[in-house]
A.B. asks: 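Following this message is one structure expressed as structure tokens.
Here the structure is a predicted model, which is why all the values come from computation and not from measurement. Naming: A, B, ... by sequence-line order, numbering from 1 per chain.
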2 protein chains.
Amino acid sequence: MEYNNVCQPRKTENPMGEDLINESDALRTESTTGILGYRLRRAQLSVFQRFLQVFEEMRLRPAEYSVLLLIDDNPGRKQTEIADALGIKRANFVTLVHALQARGFLERRAAAGDRRANALHLTVEGVQFLAAARARHEDMEQQLLSQLGGEASRSQLLALLDRLG
Amino acid sequence: MEYNNVCQPRKTENPMGEDLINESDALRTESTTGILGYRLRRAQLSVFQRFLQVFEEMRLRPAEYSVLLLIDDNPGRKQTEIADALGIKRANFVTLVHALQARGFLERRAAAGDRRANALHLTVEGVQFLAAARARHEDMEQQLLSQLGGEASRSQLLALLDRLG
DNA sequence: CGGTCAATGCTATGGAATATAACAATGTTT
DNA sequence: AAACATTGTTATATTCCATAGCATTGACCG
């Protein structure tokens with residue numbers, strides 16, 4: 001996010017209303033408006049930016065939130081299973097899990113029947129934290145819903161996004 | 001409050017007695033399917049992944065493609081103008097422009113009336129390269145169009161994405 | 001005119017996400 | 001028993017993105 005005050009070049013006084021040589025008007029951006037990937041990226045960045053802002057004081061990142069959600073719905077699963085479901089490489093998943101464990105939100109118990117694997121479980125604090133996060137996220141989704149113009153639009157968008165997977 | 005959620009991996013019904021040991025059920029992912037940001041990200045990653053694959057032999061990245069498009073539609077603009085329009089920091093834009101210039105696709109001419117600024121122009125090779133890229137991208141958009149199920153769906157998706165900006 | 005501030009392009013740098021390689025321990029298969 | 005696969009892990013490289021600061025140049029103001 002750019003917080004800089006992007007100052008426009010100061011325009012010279014132009015009382016006559018004539019066109020100035022250095023007048024800089026808006027750029028033509030039609031070529032990008034037809035690119036699905038570009039629009040997808042802009043929208044995703046916008047939504048993620050809001051997420052980061054909303055969850056800044058909770059110090060929760062999008063990936064971490066999805067990890068907590070998935071463990072809550074699938075307690076006892078191995079790291080690789082959760083990571084695969086989220087499209088995260090298990091090597092990178094280690095750091096994620098360790099960070100959440102360091103904050104006391106999850107445990108890595110010994111998996112029954114496989115001494116290599118860690119069975120992931122939320123702790124009590126993890127469940128409480130997730131509940132708070134869910135509430136916050138609910139508000140955010142509500143905002144997005146109103147931006148989209150209603151539940152019909154939202155579910156339509158989700159359906160269309162699914163077809164791109 | 002008590003927390004005794006020690007779930008073992010669920011066993012599926014197994015009347016035939018086969019495939020029990022290694023059987024690992026699919027995870028429950030309903031919690032993520034309702035998250036707009038998550039779905040947006042997955043869709044965007046999928047589309048970008050295809051872009052990278054399609055343009056691998058042309059060695060063209062999404063950001064570079066958008067830069068070429070914007071310069072083609074707005075020749076003579078300053079670096080900062082192009083960068084701002086694409087949401088790219090001017091510091092990071094330098095590397096982008098230099099790379100494209102090194103490949104002979106654009107020029108940084110002295111801007112008329114401002115000796116600080118570079119006026120960006122496509123070279124002949126840049127125009128030719130962009131034409132080839134446009135053709136390739138056209139095919140890709142066509143694929144996405146059929147995935148979405150028609151032009152109506154596509155324009156609806158674009159409209160919905162716009163509301164998230 | 002001189003002084004102050006802003007803009008432009010640039011370099012350097014750090015953080016975050018992502019990808020691969022390799023390893024020890026363990027499990028599976030032959 | 002031997003060969004191979006999986007799991008978690010570390011190390012590392014790359015890419016993207018953000019900030020700070022610099023020299024040059026321009027705009028503004030007294």
A.B. asks: Rounded to whole Å, how long is the line connecting atom CD of Glu64(B) with atom P of dC17(D)?
C.D. replies: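 So the two atoms are 12 Å apart, to the nearest Å.
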A.B. asks: For the OG1 atom of Thr33(B) and the CG atom of Leu69(A), what is their distance to the nearest 0.5 Å?
C.D. replies: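 Thr33(B) OG1 to Leu69(A) CG: 10.5 Å, rounded to 0.5 Å.
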A.B. asks: Near DNA chain D, which residues from residues 83-91 of chain A have a heavy atom under 4.0 Å away?
C.D. replies: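 The stretch gives Arg90(A), Ala91(A) as the residues lying under 4.0 Å from the strand, ordered by number.
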A.B. asks: Above 12 or not: heavy atoms from other molecules or residues under 6.0 Å from CD of Glu151(A)?
C.D. replies: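 Yes, the 6.0 Å shell around CD holds more than 12 heavy atoms from other groups.
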A.B. asks: Would you please confirm or rule out a distance under 4.0 Å between OP1 or OP2 of dG9(C) and any side-chain N or O of Thr80(B)?
C.D. replies: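 Answer yes for this pair, as a side-chain N or O of Thr80(B) is under 4.0 Å from OP1 or OP2.
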A.B. asks: Could you tell me how far apart Glu81(A) (CD) and dT6(D) (C1') are, to the nearest whole angstrom?
C.D. replies: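 About 12 Å, once rounded to whole Å.
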A.B. asks: From the options Leu158(B), Val47(B), Leu160(B), select the one residue that forms a side-chain contact (heavy atoms from CB on, under 4.5 Å) with Arg39(A).
C.D. replies: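 Testing each of Leu158(B), Val47(B), Leu160(B) against Arg39(A), the sole residue satisfying side-chain contact (heavy atoms from CB on, under 4.5 Å) is Leu158(B).
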A.B. asks: Nearest-Å distance, CG (Asn92(A)) to C1' (dA21(C))?
C.D. replies: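 Answer to the nearest Å: 13 Å.
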A.B. asks: State the OG-CG distance between Ser153(B) and Leu144(B), to the nearest 0.5 angstrom.
C.D. replies: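 The distance works out to 12.5 Å.
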A.B. asks: CD of Gln142(A): more than 12 outside heavy atoms within 6.0 angstrom?
C.D. replies: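 Counting other residues, nucleotides and ligands, CD of Gln142(A) stays at 12 neighbours or fewer.
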A.B. asks: Please state whether the phosphate of dT9(D), meaning OP1 or OP2, lies under 4.0 angstrom from any side-chain nitrogen or oxygen of Gln79(A).
C.D. replies: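 Yes, Gln79(A) has a side-chain N/O under 4.0 Å of OP1/OP2 on dT9(D).
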A.B. asks: Taking CG from Leu100(B) and P from dG9(C), how many angstroms apart are they, rounded to a whole number?
C.D. replies: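 From Leu100(B) CG to dG9(C) P: 15 Å.
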A.B. asks: Please indicate whether Arg28(A) has more than 12 foreign heavy atoms, meaning atoms of other residues, nucleotides or ligands, lying under 6.0 Å from its CZ.
C.D. replies: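 Counting other residues, nucleotides and ligands, CZ of Arg28(A) stays at 12 neighbours or fewer.
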A.B. asks: So, taking the atom named CG in Leu70(B) and the one named CD in Glu30(A), what distance separates them when rounded to the nearest 0.5 Å?
C.D. replies: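 One gets 9.0 Å once the value is rounded to the nearest 0.5 Å.
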A.B. asks: Could you please spell out the steps behind the side chain to side chain contact (heavy atoms under 4.5 Å, CB included) verdict for Leu157(B) and Leu164(A)?
C.D. replies: CA-CA 11 Å; Leu157(B) 174 58; Leu164(A) 295 176; 4.0 Å; yes
A.B. asks: Nearest whole Å is fine: how far is dA18(D) P from Phe93(B) CZ?
C.D. replies: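 Taking CZ of Phe93(B) and P of dA18(D), I get 15 Å after rounding.
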A.B. asks: Starting from C1' on dT9(D), measure out to NE2 on His98(A) and report it in whole angstrom.
C.D. replies: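 Computing the His98(A):NE2 to dT9(D):C1' distance gives 8 Å.
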A.B. asks: In whole angstrom, give the distance that lies between atom NZ of Lys78(A) and atom P of dT9(D).
C.D. replies: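 Rounded to whole Å, this separation is 14 Å.
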A.B. asks: Could you pull out the protein-nucleic contacts involving nucleotides 25-27 of chain C (nitrogen or oxygen on both sides, under 3.5 Å)?
C.D. replies:
residue, atom, partner, partner atom, Å
dT26(C), O2, Arg116(A), NH1, 3.4
dG27(C), OP1, Arg115(A), N, 2.8
dG27(C), OP2, Arg115(A), NH2, 3.3

A.B. asks: Could you tell me the separation between the CG atom of Leu96(B) and the P atom of dC17(D), rounded to a whole number of Å?
C.D. replies: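 Those two atoms, CG and P, are 9 Å apart.
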A.B. asks: Indicate the ring-plane relationship of Phe129(B) and Phe105(B), choosing parallel, tilted or perpendicular according to the 30° and 60° boundaries.
C.D. replies: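 Taking Phe105(B) first and then Phe129(B), their aromatic rings lie parallel (interplane angle under 30°).
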A.B. asks: How is Asn118(A) classified with respect to the nucleic acid when contacts are heavy atoms under 4.0 Å: base, sugar-phosphate, or nothing?
C.D. replies: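 Touches sugar-phosphate only.
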A.B. asks: Do Val94(A) and Leu96(A) share a hydrophobic cluster, counting only Ile, Leu, Val, Met, Phe, Trp and Tyr and linking them when any side-chain heavy atoms are less than 4.5 Å apart?
C.D. replies: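 Cluster IDs for Val94(A) and Leu96(A) differ.
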A.B. asks: Report, one pair per line, the protein and nucleotides 15-17 of chain C atoms (nitrogen or oxygen only) whose separation is under 3.5 Å.
C.D. replies:
residue, atom, partner, partner atom, Å
dA17(C), OP1, Arg61(A), NH1, 3.4

A.B. asks: Salt bridge check, Glu141(A) against Arg154(A): does any charged N sit closer than 4.0 Å to a carboxylate O?
C.D. replies: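 Salt bridge flag = yes for Glu141(A) with Arg154(A).
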